[in-house]
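Before any comments, here is the structure.
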Amino acid sequence: MSAVTLEPRGAVLVITLDRPKANAIDVVTSMALYAGFKALDEDPALRVGIITGTGRFFSAGWDLGAASAGEAVDAVHSPGGFAGLTEYFSLSKPVIAAVNGLAVGGGFELALAADLIVASDTAQFWLPEAQLGILPDSGGLLRLPKCLPQRLATEMILTGRRLSAAEALHHGLASRVCAPEALRDTALDLAHTIAAGAPMAIKAARDILRATAGLDAEHGYRLMRSGAVPSYQAMLGSQDALEGPRAFAEGRPPIWQGR
């Protein structure tokens, strides 16, 4: 039985990690997750992905059982990096992490690689790697300081401090927190809202956010206007950029063509 299931829900693909007891991730599971994210990327009918887990854990991260059996700490997990997503930089569609429980180590890094995090109020986030003699080098070191206050991120990385769902919401790491039984519907509602937008505009927005991360507004404007973000230029000249205002003026839903 596969540890990863794919469930299309209209324009949304729900990718579920189901590997009891802790949804730990070895190379085989990483490859299966990558296949799911690649399917999302390549299917024009799909617009948004959701990654979630089953049981008490979202994911416990790297499978230490596999490590003790010989899987190298620097093993190549997939073309998309650990868990299939952490280095999938060319993924053209947004992903929501629906964190159902404990997001530990590489499991937390998987959530950090998503565009948005929706969390159960039972969720917790932490990076225990330094206490295990390794580092959170599948994105924790690089992404967490951009999502949380610098000193809080540093404390979490150096000490393994746990962050509750309430703290994640307070600091903006999670955009929504809900009861466990409402998590799936909350994530789907958010995903379908995103999917209702113009696909070229969604792609351009993600590309600009990534390209301008860390820049002040002046330099961000320069980069955006310079033509260095091709998807932005494509969006400006698209049929969808004409369709949106036209549909609004005519009082009808827009019909997006993705071109």
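Just so you know, these numbers use all the heavy atoms, side chains as well, and skip hydrogens, waters and symmetry mates. Because the structure is a prediction, the values reported are computed rather than measured.
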Which value, rounded to the nearest 0.5 Å, describes the distance between [X] atom [atom1] and [Y] atom [atom2]?
{"X": "Arg9", "Y": "His192", "atom1": "CZ", "atom2": "NE2", "result": "6.0 Å"}
{"X": "Trp126", "Y": "Gln131", "atom1": "CH2", "atom2": "CD", "result": "12.0 Å"}
{"X": "Phe82", "Y": "Leu110", "atom1": "CZ", "atom2": "CG", "result": "7.5 Å"}
{"X": "Ser92", "Y": "Arg47", "atom1": "OG", "atom2": "CZ", "result": "10.5 Å"}
{"X": "Asp41", "Y": "Phe37", "atom1": "CG", "atom2": "CZ", "result": "11.0 Å"}
{"X": "Thr54", "Y": "Arg56", "atom1": "OG1", "atom2": "CZ", "result": "13.0 Å"}

Self-check item: Steps toward side-chain contact (heavy atoms from CB on, under 4.5 Å) verdict (Leu152, Arg161)
Solution: CA-CA 9 Å; Leu152 176 56; Arg161 178 204 194 283; 3.8 Å; yes
Quiz item: If you count the non-hydrogen atoms of other residues, nucleotides and ligands that lie under 6.0 Å from NE2 in His170, is the total more than 12?
Solution: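 Check fails, neighbour count at 12 or below.
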Has the side chain of [X] got a donor or acceptor atom that lies under 3.5 Å from a matching backbone atom of [Y]?
{"X": "Ser2", "Y": "Thr5", "result": "no"}
{"X": "Lys93", "Y": "Leu46", "result": "yes"}
{"X": "Arg19", "Y": "Ala24", "result": "yes"}
{"X": "Ser226", "Y": "Leu223", "result": "yes"}
{"X": "Thr212", "Y": "Leu215", "result": "no"}
{"X": "Glu109", "Y": "Gly139", "result": "yes"}

Are [X] and [Y] side-chain neighbours, meaning at least one heavy-atom pair lies under 4.5 Å?
{"X": "Asn100", "Y": "Pro180", "answer": "no"}
{"X": "Tyr88", "Y": "Leu33", "answer": "no"}
{"X": "Pro94", "Y": "Lys203", "answer": "no"}
{"X": "Ile51", "Y": "Phe58", "answer": "yes"}
{"X": "Asp240", "Y": "Gln257", "answer": "yes"}

Quiz item: Are Glu155 and Arg151 ion-paired here, with the side-chain N under 4.0 Å from a carboxylate O?
Solution: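 Here Glu155 does not pair with Arg151 in a salt bridge, since their nearest N and O are not under 4.0 Å apart.
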Quiz item: Using 4.0 Å as the upper bound for N to carboxylate O, is an ion pair formed by Arg252 and Glu243?
Solution: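 Salt bridge between Glu243 and Arg252, a charged N being under 4.0 Å from a carboxylate O: yes.
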Considering all heavy atoms, the nearest [X]-[Y] contact:
{"X": "Gly36", "Y": "Leu13", "result": "O-CD2, 3.6 Å"}
{"X": "Val95", "Y": "Leu85", "result": "CG1-CD2, 4.2 Å"}
{"X": "Phe57", "Y": "Asn23", "result": "O-ND2, 2.9 Å"}
{"X": "Leu112", "Y": "Cys147", "result": "CD2-SG, 4.1 Å"}
{"X": "Leu190", "Y": "Ser175", "result": "CD2-OG, 4.3 Å"}
{"X": "Ala98", "Y": "Ile50", "result": "CB-CG2, 3.9 Å"}

Practice problem: For the residue pair Asp26 and Thr29, confirm or rule out a side-chain donor-acceptor distance under 3.5 Å. | Solution: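 Yes, Thr29 and Asp26 have a side-chain donor paired with an acceptor closer than 3.5 Å.
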Give a yes or no on whether [X] and [Y] share a hydrophobic cluster (residues Ile, Leu, Val, Met, Phe, Trp, Tyr; joining criterion: side-chain heavy atoms under 4.5 Å apart).
{"X": "Val229", "Y": "Met224", "result": "yes"}
{"X": "Ile15", "Y": "Ile96", "result": "no"}
{"X": "Val12", "Y": "Trp256", "result": "no"}
{"X": "Leu127", "Y": "Ile25", "result": "yes"}
{"X": "Leu102", "Y": "Leu183", "result": "no"}

Quiz item: Does the side-chain contact (heavy atoms from CB on, under 4.5 Å) test come out yes or no for Leu148 and Leu163, once each step is laid out?
Solution: CA-CA 11 Å; Leu148 293 176; Leu163 196 76; 4.2 Å; yes
Exercise. Applying side-chain contact (heavy atoms from CB on, under 4.5 Å), run through Arg176 and Leu116 and close with a yes or a no.
Key: CA-CA 9 Å; Arg176 301 186 187 186; Leu116 294 168; over 6 Å; no
Quiz item: What do the steps show when you test Phe248 against Arg246 for side-chain contact (heavy atoms from CB on, under 4.5 Å), and what is the final call?
Solution: CA-CA 5 Å; Phe248 179 81; Arg246 183 185 299 122; over 6 Å; no
